[in-house]
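Following: one structure in structure tokens, then a few remarks.
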Amino acid sequence: MQLDLNLLTALDALLEEGSVAGAAARLHVTAPAMSRSLGRIRKATGDQILVRTGRSMVPTTRALAMHAQVHALVQQAHQLLSAQQELDLAALDRVFTVRWHDALTAACGTALITAVRRQAPGVRLRLSAEPGTDDAELRRGEVDLESSTGAPALPDIRHRLIGSDQLVVAVRPGHPLTEGPLSIERYAAAEHVAVSRRGSLRGPIDDALTARGLERRVVAAGPTAAFALQLALDTDLVATLPDAVTRAARDRLGLVTLPLPLPLPEVPLHLLWHQRYDDDRAHTWLRDLAAETVRAVFAPPRACDS
């Protein structure tokens, strides 16, 4: 059975006005057109809806019973199909899933949660560990916002470049590499810890060293930057990590930071989301807030006042 949903609007007007002429004026149609709509409504419902009593029309018992429900349905339809209302952050009640790599979560997670709670106390954040690239979760709506060092290949995954980071070397205080200038040869000769969720012992740094006729020895690989930094503090292993997102952690541990003696391009950072959220005002607010929070971490540290 095919139903013309426009009949709901006509039925709502008829029940509100109690007359064909009044409903026609309300919807800016002619009285004959409204009379035809009433005929179709009567046929669809099997009820007279409005019956004449003297010079006026009165609703039937069924019409009275359905009046409130019809009006509510029409109002809901108007809300669904009308332009979005202004976003009321104080009343926003929503759960967002943000999937960032561990170093970014450690560097920015607290600031993001604090900002969200200050502006929209009804919003809850689910900070998810990053298991690897899985565009399917973004496409299914299971992840609202994701971090990535590369731009997405799929056209329905949107992205915003919000910063770039450079690699630095982190070692314990008193490490042999802190004595004198750090050359590329001394760097390659040291023993290293790598960060890899898959446990890989080789990466872009090794490829760059190989191109220069050098090899380094990666003796351990761990899944998080926090693990690599702690291992660097407790041993003579060298950790090479992005500067901005690990700066606070390195400072807390008291590690020594050295420049990487190897020219490598900076590491970009993108925020990714699915195109379904392009016009979602609450999601737009979240990704703008996330971008602002991350950019604050990527800003160069201020020099201390003398």
Side-chain angles (χ1 to χ4, degrees), residues 1-97 116 119-125 137-145 154-160 272-290:
M1 180 180 181
Q2 293 184 345
L3 295 178
D4 183 353
L5 295 182
N6 288 323
L7 292 182
L8 275 178
T9 303
L11 177 56
D12 182 51
L14 286 164
L15 296 178
E16 288 285 308
E17 298 295 332
S19 73
V20 170
R26 179 172 179 154
L27 297 183
H28 306 290
V29 299
T30 64
M34 182 56 66
S35 182
R36 288 193 295 272
S37 293
L38 176 57
R40 293 172 62 197
I41 292 169
R42 285 169 169 167
K43 182 177 180 180
T45 61
D47 188 85
Q48 289 297 301
I49 303 298
L50 292 177
V51 295
R52 186 166 296 281
T53 302
R55 294 186 174 182
S56 62
M57 301 189 79
V58 296
T60 64
T61 302
R62 185 178 179 192
L64 288 173
M66 70 170 64
H67 187 182
Q69 186 177 5
V70 168
H71 187 69
L73 286 172
V74 170
Q75 292 301 309
Q76 290 173 19
H78 280 303
Q79 290 175 6
L80 285 172
L81 298 177
S82 63
Q84 293 188 57
Q85 302 298 312
E86 288 298 321
L87 180 63
D88 183 358
L89 290 176
L92 185 61
D93 181 9
R94 189 157 164 183
V95 178
F96 291 102
T97 298
V116 165
Q119 297 184 28
V123 167
R124 291 176 290 168
L125 284 184
E137 291 188 11
L138 282 172
R139 303 178 93 175
R140 291 194 300 265
E142 297 171 9
V143 172
D144 294 285
L145 200 60
L154 299 176
D156 57 334
I157 304 298
R158 306 295 197 225
H159 71 103
R160 180 191 299 181
L272 276 58
W273 67 93
H274 192 266
Q275 65 180 1
R276 68 162 59 87
Y277 297 123
D278 282 351
D279 299 320
D280 184 323
R281 294 190 179 186
H283 194 281
T284 300
W285 161 77
L286 176 68
R287 60 182 185 259
D288 287 346
L289 189 61

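Values in this document were obtained by computation on a predicted structure and should not be read as measured data. Nothing fancy with the numbering, it's 1 onward along the sequence.
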Practice prompt. State the CE-OG1 distance between M66 and T61, to the nearest 0.5 angstrom.
Written response: 11.0 Å
Worksheet item: If you take all heavy atoms of L89 and P121, which pair is closest and at what distance?
Response: O-CD, 4.5 Å
Discussion item. Working to the nearest 0.5 angstrom, can you tell me the gap between M34 CE and S19 OG?
Written reply: 9.5 Å
Fill in: Sub-4.5 Å side-chain heavy-atom contact between L145 and F96
no
Worksheet entry | Side-chain heavy-atom pair I157, H274 within 4.5 angstrom cut-off | yes
Discussion item. To the closest 0.5 Å, what do you measure between CZ (R287) and CZ (R160)?
Written reply: 6.5 Å
Fill in: Over all atoms of both residues, closest heavy-atom pair of A282 and L92
CB-CD2, 3.9 Å
Worksheet item: If you look at every heavy atom in I49 and L11, which pair is closest and at what distance?
Response: CG2-CD1, 3.7 Å
Discussion item. Is any side-chain heavy atom of T97 closer than 4.5 Å to one of E137?
Written reply: no
Worksheet item: OG1 of T284 to CG of D279: how many Å apart, nearest 0.5 Å?
Response: 7.5 Å
Worksheet item: Can you tell me how far CG of L15 sits from CG of L50, rounded to the nearest 0.5 angstrom?
Response: 6.0 Å
Worksheet item: So do the side chains of D144 and H283 get within less than 4.5 Å of each other, counting heavy atoms only?
Response: yes
Worksheet item: Which pair of heavy atoms, one from Q275 and one from P155, lies closest together, and at what distance?
Response: OE1-O, 4.4 Å
Discussion item. Please determine whether a side-chain nitrogen of the Lys or Arg among R281 and D88 lies less than 4.0 Å from a carboxylate oxygen of the Asp or Glu.
Written reply: no
Discussion item. Is the shortest side-chain heavy-atom distance between R94 and D280 below 4.5 Å?
Written reply: yes
Fill in: For L289 against Q119, the heavy-atom pair lying closest together
CD1-NE2, 3.5 Å
Item to complete: Return yes when atom CZ of R124 has more than 12 non-hydrogen atoms of other residues, nucleotides or ligands closer than 6.0 Å, and no otherwise.
Response: no
Practice prompt. Could you walk me through whether R42 and T45 pass the side-chain hydrogen bond (donor to acceptor under 3.5 Å, both in side chains) test, one step at a time?
Written response: CA-CA 5 Å; R42 285 169 169 167; T45 61; over 6 Å; no
Worksheet entry | Within-4.5 Å side-chain heavy-atom neighbours: D12 and L8 | no
Fill in: Working for side-chain contact (heavy atoms from CB on, under 4.5 Å), residues D156 and R139
CA-CA 8 Å; D156 57 334; R139 303 178 93 175; 2.8 Å; yes
Fill in: Heavy-atom pair of closest approach, residues S37 and L7
O-CD2, 4.1 Å
Item to complete: Applying side-chain contact (heavy atoms from CB on, under 4.5 Å), run through W273 and D278 and close with a yes or a no.
Response: CA-CA 8 Å; W273 67 93; D278 282 351; 3.1 Å; yes
Worksheet item: Do R276 and L138 come within less than 4.5 Å of each other through their side chains, counting heavy atoms only?
Response: no
